[in-house]
Amino acid sequence: MVMRLGVLFATLIHVADPESHSAALNMALDEVLLESTDAPLVRIYRWARPAVSFGYFGKHAAVAEAYPDREVVRRWTGGGVVPHGEDLTYTLVVPREHSFFATPASDSYRLIHECIAGLFTDLLEVRLTADAAREPSTVCFANPSQFDVLSGDVKIAGAAQRRTKLGLLHQGSIQGVALPADAAERLPLLFSSAPEVRQLTAEELSLAEEIARSKYATEAWTRRW
């Protein structure tokens with residue numbers, strides 16, 4: 001496997017967001033950043049309470065029945081069902097004008113996960129899956145897709161993407177494995193050798209809170225299918 005540590009993006013913004021948020025607000029913040037950034041950026045975030053996210057076309061009833069004690073949110077990206085709370089969750093946003101946006105979906109997924117695998121250098125033997133799981137499952141971490149990160153036969157990193165007229169939204173989760181204590185600090189360095197750190201702004205947070213209320217926290221969005 002070729003590790004592309006720190007060289008995927010010449011420049012990268014690391015949006016520091018140390019506060020824990022509701023599931024709806026986390027999804028809304030990702031949307032705000034996608035709509036506003038003019039450079040690649042990464043946000044690593046936390047959950048105010050145990051949550052579960054599921055893909056845009058997923059069936060709400062099945063998720064709510066399987067996770068009755070978790071906050072449930074429908075993602076804007078696709079993919080399967082992902083529990084959150086103990087995982088390391090990150091979002092990578094690439095504006096449409098950046099050359100990486102033109103990278104085919106499977107290649108972009110592979111390149112990003114080659115970087116993620118670098119978190120485990122000298123800690124674990126990890127690899128990317130060559131093919132998708134033979135037995136499909138809507139539970140994301142029970143269903144390795146092509147180019148997910150595995151430790152042995154266990155999936156430890158997966159993600160989902162969405163491309164819009166504005167750019168690429170890549171939402172990822174790392175779980176089921178002991179992470180380095182400094183994993184959150186190291187992750188941006190896997191994508192760029194010199195990420196520029198900035199804080200989440202009050203304006204971004206305010207806009208995201210409105211989007212969370214009007215979209216991601218609504219019954220119309222959550223139960224649309």
Side-chain angles (χ1 to χ4, degrees), residues 14-34 41-56 58-60 62-93 112-113 116 119 138-143 148-149 154-162 169-188 190-191 197-202 204-219 221-223:
H14 173 199
V15 179
D17 185 14
E19 299 298 322
S20 299
H21 304 301
S22 69
L25 185 54
N26 270 327
M27 298 299 100
L29 281 165
D30 285 350
E31 184 172 335
V32 167
L33 294 173
L34 174 65
L41 65 80
V42 64
R43 181 175 77 98
I44 301 160
Y45 48 99
R46 297 167 176 80
W47 305 80
R49 58 194 66 86
V52 59
S53 70
F54 62 106
Y56 180 76
K59 305 297 185 183
H60 169 267
V63 178
E65 181 179 359
Y67 297 91
D69 299 322
R70 287 179 179 258
E71 190 174 14
V72 176
V73 67
R74 184 184 299 276
R75 297 190 305 272
W76 200 16
T77 54
V81 180
V82 184
H84 302 289
E86 299 299 325
D87 59 330
L88 176 63
T89 319
Y90 71 94
T91 290
L92 186 66
V93 175
I112 292 168
H113 273 185
I116 293 297
L119 272 179
T138 58
V139 181
C140 181
F141 278 77
N143 182 35
D148 282 338
V149 183
V154 178
K155 176 176 175 176
I156 61 173
Q161 294 186 352
R162 183 184 180 96
L169 177 65
H170 175 101
Q171 296 176 314
S173 174
I174 307 169
Q175 57 183 267
V177 64
L179 290 167
D182 60 348
E185 291 74 26
R186 287 177 54 196
L187 191 145
L190 301 175
F191 299 127
V197 181
R198 74 164 177 82
Q199 301 299 310
L200 188 69
T201 69
E204 288 168 337
L205 184 58
S206 177
L207 181 55
E209 287 172 341
E210 175 55 35
I211 293 174
R213 284 192 296 269
S214 63
K215 181 178 180 179
Y216 292 102
T218 65
E219 292 290 298
W221 173 266
T222 306
R223 298 175 181 268

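Ion pairing of Glu31 with Arg162 is absent here, as no side-chain N (NZ or NE/NH1/NH2) approaches a carboxylate O to less than 4.0 Å.
For His170 and Tyr90, the ring centers sit closer than 6.0 Å to each other.
Thr89 and Trp47 share a side-chain donor-acceptor pair at under 3.5 Å. Using modelled atom types, one finds a donor on one side chain and an acceptor on the other under 3.5 Å when comparing Glu204 with Thr201. With hydrogens and angles left out, the side-chain atoms of Thr91 and Arg43 include no donor and acceptor closer than 3.5 Å. Thr77 and Gln171 share a side-chain donor-acceptor pair at under 3.5 Å.
Considering OG of Ser214 and CD of Glu209, their distance stands at 12.0 Å, rounded to 0.5 Å. Separating the CG atom in Asp148 from the NE2 atom in His113 is a distance of 6.0 Å, to the nearest 0.5 Å. The structure places CD1 of Ile156 at 11.0 Å from CG of Leu88, a figure rounded to the nearest 0.5 Å. Rounded to the nearest 0.5 angstrom, Ile211 CD1 and Leu29 CG are separated by 8.5 Å.
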Give the C-alpha distance, both sets of side-chain angles, the deciding distance and a yes or no for side chain to side chain donor-acceptor pair (under 3.5 Å) between Tyr216 and Asn26. CA-CA 9 Å; Tyr216 292 102; Asn26 270 327; over 6 Å; no
Checking side chain to side chain contact (heavy atoms under 4.5 Å, CB included) for the pair Val177/Val154: CA distance, chi angles, key distance, verdict? CA-CA 9 Å; Val177 64; Val154 178; over 6 Å; no
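Pairing each heavy atom of Arg74 with each of Gly55, the nearest pair is NH1-O, 3.7 Å. The two residues Arg75 and Ser53 have their closest heavy-atom pair at NH1-OG, 2.8 Å. Scanning all heavy atoms of the two residues, the minimum distance from Val81 to Val52 falls at CG1-CG2, 3.3 Å. Counting all heavy atoms, side chain and backbone alike, Leu25 lies closest to His21 at CD2-ND1, 3.6 Å. Across every non-hydrogen atom of Ala48 and Ser22, the tightest pair is CB-N, 4.0 Å. The heavy-atom pair separating Ile44 from Pro188 by the smallest distance is CD1-CD, 3.8 Å.
Taking 4.5 Å as the limit, every side-chain heavy atom of Leu169 sits out of range of all side-chain heavy atoms of Gln161. Contact check for Arg186 versus Leu119: side-chain heavy atoms found under the 4.5 Å cut-off. For the pair Val15 and Val42, the minimum side-chain heavy-atom distance is 4.5 Å or more.
Taking the ring axis of Tyr67 as reference, the NZ or CZ atom of Arg70 does not stay both within 45° of it and closer than 6.0 Å to the ring centre.
Checking side-chain atoms of Thr222 against main-chain N and O of Thr218 turns up a donor-acceptor pair under 3.5 Å.
Other residues, nucleotides and ligands place more than 12 heavy atoms under 6.0 Å from the CD atom of Glu210.
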